[in-house]
Amino acid sequence: MRSCFASVPTGVECDVKASGTGCGAGQDSLISVTQRWAYLGPEGTFTQQAVLTLREQLSAAEQSVAGQRLLQEDISTGGLLPPTELLPAAGIAKAIAAVRSGTVDAACVPLENSVEGSVPLTLDELTHGDPLVIVAETYVQITFDLLVRPGTAIADIRSVGSHPHGHAQVRGFVTATLPDAESVVYSSTAAAAEAVLAGGLDAAAAAPLAGRKYGLESVATDIGEVRGAVTRFVLLRRPSPPPPATGNDRTSLVVFVDNQPGTLLAVLAELANRGINLTRLESRPSRVKMGEYYFLLDADGHVSEPAMAEAISALHRRSAGLRYLGSYQRAVGAAGPVPPYASTEAFAAATAFVASITAGETS
Ligand SMILES: O=C(O)C(=O)C[C@]1(C(=O)O)C=C[C@@H](O)C=C1
């Protein structure tokens with residue numbers, strides 16, 4: 001029985017642009033060390049918008065945890081908490097390699113988009129290589145503009161660049177308006193905007209923010225096919241204790257099951273029987289054998305709650321491989337009510353009952 005998937009070298013070159021003071025592998029101290037977080041860059045990506053939101057959210061949460069620690073330890077820092085430096089990385093794999101190697105403390109990457117689905121590179125990085133955990137998530141509204149160098153007319157556009165998920169979301173507009181333009185893939189929407197500024201590309205489908213950042217003009221606004229599209233982003237760290245439960249949390253797991261009748265059903269039953277609501281389930285190929293898959297799942301609940309802890313323990317016994325990807329607060333929506341049989345109180349009462357019969361007391 002494997003408790004965790006085999007580690008494979010990532011082979012990913014880390015070229016996060018470093019500046020300021022580094023903190024290497026130290027991610028425990030909230031008091032004296034500057035935090036460094038990588039994100040899918042360059043500046044102007046949707047991921048930059050996500051990481052700015054996460055920094056704001058988490059610094060508020062850390063302020064309160066650090067404040068409690070300072071009170072307990074009677075240490076005076078003059079109220080100063082470490083700043084968090086944000087470092088653009090030239091790709092999802094590079095941001096993740098930087099957190100794995102300890103060059104940065106955390107990495108913010110896209111996980112799934114409401115129109116185009118999951119970001120396979122992120123799922124595969126979470127499944128293979130040294131383990132990482134999700135410590136926070138956020139959602140960003142996705143709005144694309146068609147960005148050009150000032151003075152370029154739509155009729156002059158021969159090439160349009162974007163991230164693959166960006167291309168997929170503006171396909172309708174590009175096909176109808178620029179049927180002869182070449183679609184060029186970039187590591188991010190802002191990398192395409194940067195290429196427009198440099199002159200190697202005519203237009204980028206990117207965030208309005210990227211237009212402002214690179215001095216580009218919008219020749220068409222809000223060109224996405226689906227209004228109200230959102231992307232879910234996650235903040236990854238090296239394995240560490242999860243943030244405290246908030247009562248509205250998610251747990252993410254990767255499960256590998258043998259290709260035999262009922263093995264996936266058995267995994268799902270372990271969750272269902274404990275009243276745990278599954279919010280996402282998708283498969284990725286094992287990479288080893290055709291027809292074998294990893295299943296990545298999100299479920300409501302936190303590992304510190306007995307229902308989730310027991311379910312994880314059961315999956316450890318029942319699956320061919322299990323990787324814990326973290327428990328963290330849900331950014332959007334509320335978990336439904338926990339059925340009475342799955343509440344913390346019901347588990348405590350059941351444990352007490354077993355203890356009493358084991359002690360020979362009448363039930
Ligand atoms: O290229 C960016 O700006 C990103 O943040 C990446 C990304 C993605 O991976 O889906 C994020 C949101 C959009 O859906 C398009 C691209």
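When a ligand or atom number is given, it counts from 1 through the structure's own listing order.
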Can you measure from OG1 (T152) to CZ (R158) and round to the nearest 0.5 angstrom?
11.5 Å
Grouping I, L, V, M, F, W and Y whenever their side-chain heavy atoms are under 4.5 Å apart, do V119 and Y186 come out in a common cluster?
no
I need the single residue from D249, T251, V135 that forms a side-chain contact (heavy atoms from CB on, under 4.5 Å) with S327. Which is it?
T251
List for me each residue that meets side-chain hydrogen bond (donor to acceptor under 3.5 Å, both in side chains) alongside D222, sequence neighbours excluded, and say none if there are none.
R227
Which atom pairs, nitrogen or oxygen on both sides, join ligand 1 and the protein at under 3.5 angstrom?
{"residue": "ligand 1", "atom": "1 (O)", "partner": "T189", "partner atom": "N", "Å": "2.7"}
{"residue": "ligand 1", "atom": "1 (O)", "partner": "T189", "partner atom": "OG1", "Å": "3.2"}
{"residue": "ligand 1", "atom": "3 (O)", "partner": "F46", "partner atom": "N", "Å": "2.9"}
{"residue": "ligand 1", "atom": "3 (O)", "partner": "T189", "partner atom": "OG1", "Å": "2.4"}
{"residue": "ligand 1", "atom": "5 (O)", "partner": "F46", "partner atom": "N", "Å": "3.4"}
{"residue": "ligand 1", "atom": "5 (O)", "partner": "T47", "partner atom": "N", "Å": "3.0"}
{"residue": "ligand 1", "atom": "5 (O)", "partner": "T47", "partner atom": "OG1", "Å": "2.6"}
{"residue": "ligand 1", "atom": "9 (O)", "partner": "H163", "partner atom": "NE2", "Å": "3.3"}
{"residue": "ligand 1", "atom": "14 (O)", "partner": "N113", "partner atom": "ND2", "Å": "3.4"}
{"residue": "ligand 1", "atom": "14 (O)", "partner": "Q169", "partner atom": "NE2", "Å": "2.8"}
{"residue": "ligand 1", "atom": "14 (O)", "partner": "T231", "partner atom": "OG1", "Å": "3.3"}

Could you give the distance from CD (Q49) to CD1 (I142), rounded to the nearest 0.5 Å?
7.0 Å
Linked, directly or transitively: L52 and L235 (ILVMFWY side chains, under 4.5 Å):
yes
